[in-house]
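The structure appears below as structure tokens.
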Amino acid sequence: MIGVILAAALAAAPNTARFSQFVYSGSDPSDVVKAAPGQYRNPILQGFHPDPSITRAGKDYYLVNSTFAWFPGLPIYHSTDLVHWTQIGNALDRPGMLDFKRLGLSRAVFAPAITYHDGLFYILNTCVDCGGNFLITAKDPKGPWSDPVWLPEVGGIDSSIFFDDDGKAWIVNNDEPPEKAEYPGHRAIWIQEYDLQARKTVGPRAVLLDKGVNPAAKPIWPEGPHILKKDGWYYLIAAEGGTAEGHSQVVLRAKAVTGPYVPYADNPILTQRDLPRDRPLPITSAGHADLVDSPDGQWWATFLAVRPYGDDLYNTGRETFLLPVDWKDGWPVILPRGQAIPYVHAAPKLPAMKAAPNAGPFTAAETFVGPELPKGWMTMRIPTERWWSVKGGALTVRARAARIGDHDQPSVWARRQQHMNASVSTTVRFTPRADGDKAGLVAVQNDDFYWFVGLVRDGGKTWARVEKRAGKGDPVDGVVVAQKPVSLKSGQPLDLRIRIRGGKADFAYAAAPGRWETLSADADATTLSTKVAGGFVGTMLGVYAHGAER
């Protein structure tokens, strides 16, 4: 009887995959450009780090990026020198703060804006298709951050807050134009006062910029607005041209916070759209900047750009770059037109800081000491239960019914691909019990575009398999690219590896240490590029387990 009970208990127990020794390593063709002493390397945050917003509190700098429907979201980075950054938290780290539902991975939280004022940190953000614009605050940027204060009167996206010298607070944002839009991408920048005590907007809304700085050219998507004040002038900076190769940054100024704002005669103050497309080691799509001053009176800009390996092909997403701001006749200029963004530049003269590498070639090994995953690891959408544990040198993941291709919340944990040439490996212990059970490594761009290598149960046999999904036309579980039968004892480890080389990928496994067998070589990794897969995110590399829960 006891044996029967034990057998029944084991059959009912949730199937789990145990991952250990997760190692990421990467390099880039641009590594040939060496940083000399006193220089820093661009981008300062490689991989999926779009829409950077920055603020200063005393001698400390804090930066936040978009994460869309990945969770935990809105990473908070800290630096003292603007070059080396350490992630200290995530502003969205509690499941109850927002509800991403089954949104696509490029929906949810867009373009956060961080500001420090009078001892408090503020982040304004938009939850696209999940509530609209909201405000969260924290005394310590590490967290905890407050529950969202919703701003129903603020429409559109990309809201930010400006604190004037008189104590008034103003919210600026992208929204529909005051009259009917004249063409696709016709938008406006609006402003409205915000009452800090009442925690709501007050007074009338006003348009600061309609269409863009040159309305006759029908510019698209003026967005990511910020207001700063210097020498008696109010400066409105905003992106224009969309977030692809036509991206740019423009500036206007006024003597009153509500305008009228006059554009700089030599706009844009940052773009790469006019440079030859066949230039070596290109950096493209630059814009969405935010400006910050240092205690010594210097100004710097963080902004997004991308590093393509082909014709606008990049898997790493939009990244965070840094350049100094040169004030010319009262106007801030990030980079004169016609100049390429440099891979190396003279570093700010600020107190040096040590941090784990986020730029240049590096290797990062995760040994899963626990009790939590590193702050930079994320899962798809917001979990409603704890289906993982981190302890004893392993990340244990329950093989649940939720699947990657279902716009669900699958058993996935992943970190960013930060280099054109990237390798990720891990050791998995998994016993698939029924057809459809699987566990292994994934490279995910979104629900419709991903690669998988790992153990799969199919036809009553266990396989080491490579699967891919390259669009909505493919099955949710992907198509089989390559497979070999394997025979493993219960608890026996299997090593897995993905190597990405620009638009190519290799997938391998090893049943014994160092005995790698290639399952698929030179596979088409352009399916992980934004150009092919669409959206605003970058490729995430991590672990995945799926199984019908019994």
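Reckoned from all heavy atoms, side chains included, excluding hydrogens, waters and symmetry mates.
- Taking a 6.0 Å sphere around NZ of Lys461, one finds it holds 12 or fewer heavy atoms contributed by other residues, nucleotides or ligands.
- The structure places NE2 of His78 at 3.5 Å from CG of Asp60, a figure rounded to the nearest 0.5 Å.
- In this structure, a donor-acceptor pair under 3.5 Å is present between the side chains of Thr527 and Trp451.
- With 3.5 Å as the limit, one finds a donor-acceptor pair spanning the side chains of Ser53 and Asp290.
- Between Asp447 and the choices Arg469, Arg381, Lys472, Arg403, the salt bridge (charged side-chain N to carboxylate O under 4.0 Å, His left out) rule is met once, by Arg381.
- Under the 3.5 Å distance criterion, the side-chain polar atoms of Thr539 are matched with a main-chain donor or acceptor of Leu528.
- For Tyr450 and Tyr544, the distance between ring centers is not under 6.0 angstrom.
- At a threshold of 4.0 Å, the pair Asp522-Arg501 counts as salt-bridged, since one of the basic side-chain nitrogens sits closer than that to a carboxylate oxygen.
- Side-chain contact check for Asp437 and Asn15: at least one donor-acceptor pair (N or O, by modelled atom type) lies under 3.5 Å.
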Requested in this report: Apply the test side-chain contact (heavy atoms from CB on, under 4.5 Å) to residues Asn173 and Asp158: give CA-CA distance (whole Å), side-chain angles for both, the deciding distance (0.1 Å), then the verdict.
Outcome: CA-CA 5 Å; Asn173 64 290; Asp158 294 10; 5.9 Å; no
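- Thr462 and Arg457 share a donor-acceptor pair across their side chains, judged by distance under 3.5 Å alone.
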Query - side-chain contact (heavy atoms from CB on, under 4.5 Å) between Asp147 and Arg94, intermediate numbers included - result: CA-CA 9 Å; Asp147 288 334; Arg94 303 187 302 279; 2.8 Å; yes
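- Judged by distance alone, with hydrogens and angles left aside, the side-chain atoms of Asp99 form a donor-acceptor pair with the main-chain N or O of Lys101 at under 3.5 Å.
- Of the possible donor and acceptor atoms, one in the side chain of Ser529 sits under 3.5 Å from a partner among the backbone N and O of Val532.
- Between atom OG of residue Ser66 and atom NE2 of residue His49 there is a gap of 11.0 Å, rounded to the nearest 0.5 Å.
- When every heavy atom of Pro493 is checked against every heavy atom of Thr427, the shortest pair comes out as CB-CG2, 3.4 Å.
- The only member of Tyr24, Tyr309, Tyr314 that meets ring pair (Phe, Tyr, Trp, His ring centres under 6.0 Å) when paired with His419 is Tyr24.
- The shortest distance between side-chain heavy atoms of Leu291 and His226 does not fall below 4.5 Å.
- Remark: Ala510 pairs with Asp495, Trp516 by the side chain to side chain contact (heavy atoms under 4.5 Å, CB included) rule, at least two apart or across chains.
- The aromatic rings of Phe121 and Tyr62 sit perpendicular, their planes meeting at an angle over 60°, well past the 30° parallel limit.
- Minimum interatomic distance between Ile123 and Ala91 (heavy atoms only, all atoms of both residues): CD1-CB, 3.8 Å.
- With Phe48 as the aromatic partner, Arg416 meets the cation-pi criteria of under 6.0 angstrom to the ring centre and within 45 degrees of the ring axis.
- Note that the CD1 atom of Ile76 and the CG atom of Asp93 stand 9.5 Å from one another [nearest 0.5 Å].
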Requested in this report: Apply side chain to side chain donor-acceptor pair (under 3.5 Å) to the pair Asn133 and Thr126, showing each step before the final yes or no.
Outcome: CA-CA 4 Å; Asn133 287 282; Thr126 314; 2.7 Å; yes
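- Legend: residues meeting side chain to side chain contact (heavy atoms under 4.5 Å, CB included) with Val369, ordered by chain and number and at least two apart, are Thr367.
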Query raised in the report: How far apart are the C-alpha atoms of Arg205 and Asp175, what are their side-chain angles, what is the distance that settles it, and do they pass the side-chain contact (heavy atoms from CB on, under 4.5 Å) test?
Result: CA-CA 11 Å; Arg205 299 173 72 211; Asp175 203 354; 3.0 Å; yes
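- Of the possible donor and acceptor atoms, none in the side chain of Thr302 sits under 3.5 Å from a partner among the backbone N and O of Leu322.
- Taking a 6.0 Å sphere around CZ of Arg499, one finds it holds 12 or fewer heavy atoms contributed by other residues, nucleotides or ligands.
- Ile189 and Asn174 get closest at one heavy-atom pair: CD1-CA, 4.1 Å.
- Rounded to the nearest 0.5 Å, atoms OH (Tyr194) and NZ (Lys200) are 10.5 Å apart.
- Across Ile161 and Ala169, no two heavy atoms sit closer than the pair CD1-CB, 4.1 Å.
- You'll find the side chain of Lys468 stays beyond 4.5 Å of the side chain of Val453, heavy atoms only.
- To the nearest 0.5 Å, the span separating CD1 on Ile114 from OH on Tyr122 amounts to 12.5 Å.
- Within 6.0 Å of NZ on Lys391 lie no more than 12 heavy atoms contributed by other residues, nucleotides or ligands.
- Side-chain contact check for Leu541 versus Leu441: every heavy-atom pair is 4.5 Å or farther apart.
- The pair Asp458-Lys438 fails the salt-bridge criterion, with no side-chain N (NZ, NE, NH1 or NH2) lying under 4.0 Å from an Asp/Glu carboxylate O.
- Under the 3.5 Å distance criterion, the side-chain polar atoms of Glu319 are left unmatched by any main-chain donor or acceptor of Val306.
- Of the inter-residue distances, the one linking Leu395 atom CG with Glu372 atom CD reads 11.0 Å to the nearest 0.5 angstrom.
- For the residue pair Thr316 and Gln417, no side-chain donor N or O sits within less than 3.5 Å of a side-chain acceptor on the partner.
- Between His247 and Arg318, the closest side-chain pair of non-hydrogen atoms is not below 4.5 Å.
- Put simply, the side chain of Asn315 gets close to the backbone of Ala525: a donor and an acceptor are under 3.5 Å apart.
- Checking side-chain atoms of Ser79 against main-chain N and O of Tyr61 turns up no donor-acceptor pair under 3.5 Å.
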Query raised in the report: Given the rule in the side-chain contact (heavy atoms from CB on, under 4.5 Å) test, do Phe368 and Leu373 qualify, once you have shown the distances and angles that lead to the verdict?
Result: CA-CA 7 Å; Phe368 300 123; Leu373 284 161; 3.7 Å; yes
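- With Trp377 as reference, Phe22 is the one residue of Phe22, Trp70, Trp413 to meet the ring pair (Phe, Tyr, Trp, His ring centres under 6.0 Å) rule.
- The two residues Pro374 and Glu366 come nearest to each other via the heavy atoms CG-OE1, 3.1 Å.
- Within the 4.5 Å cutoff, side-chain heavy atoms of Pro52 are placed close to those of Asn65.
- Here the side chains of Ser160 and Thr115 are not in contact, with every heavy-atom distance at 4.5 Å or above.
- Side chain of Gln418 to backbone of Gln46: a donor-acceptor contact under 3.5 angstrom is found.
- Within the 4.5 Å cutoff, the side chain of Val479 has no heavy atoms near those of the Glu467 side chain.
- Side-chain contact between Gln483 and Val456 is absent, with no heavy atoms from C-beta onward closer than 4.5 Å.
- No more than 12 heavy atoms of other residues, nucleotides or ligands shown are found within 6.0 angstrom of CZ on Arg199.
- Judged purely by atom type and a 3.5 angstrom limit, Asn358 has no side-chain atom pairing as donor or acceptor with the backbone of His84.
- Nearest heavy-atom pair across Ala355 and Thr86 is CB-OG1, 3.3 Å.
- A donor-acceptor pair under 3.5 Å is formed between the side chain of Arg400 and the backbone N or O of Gln409.
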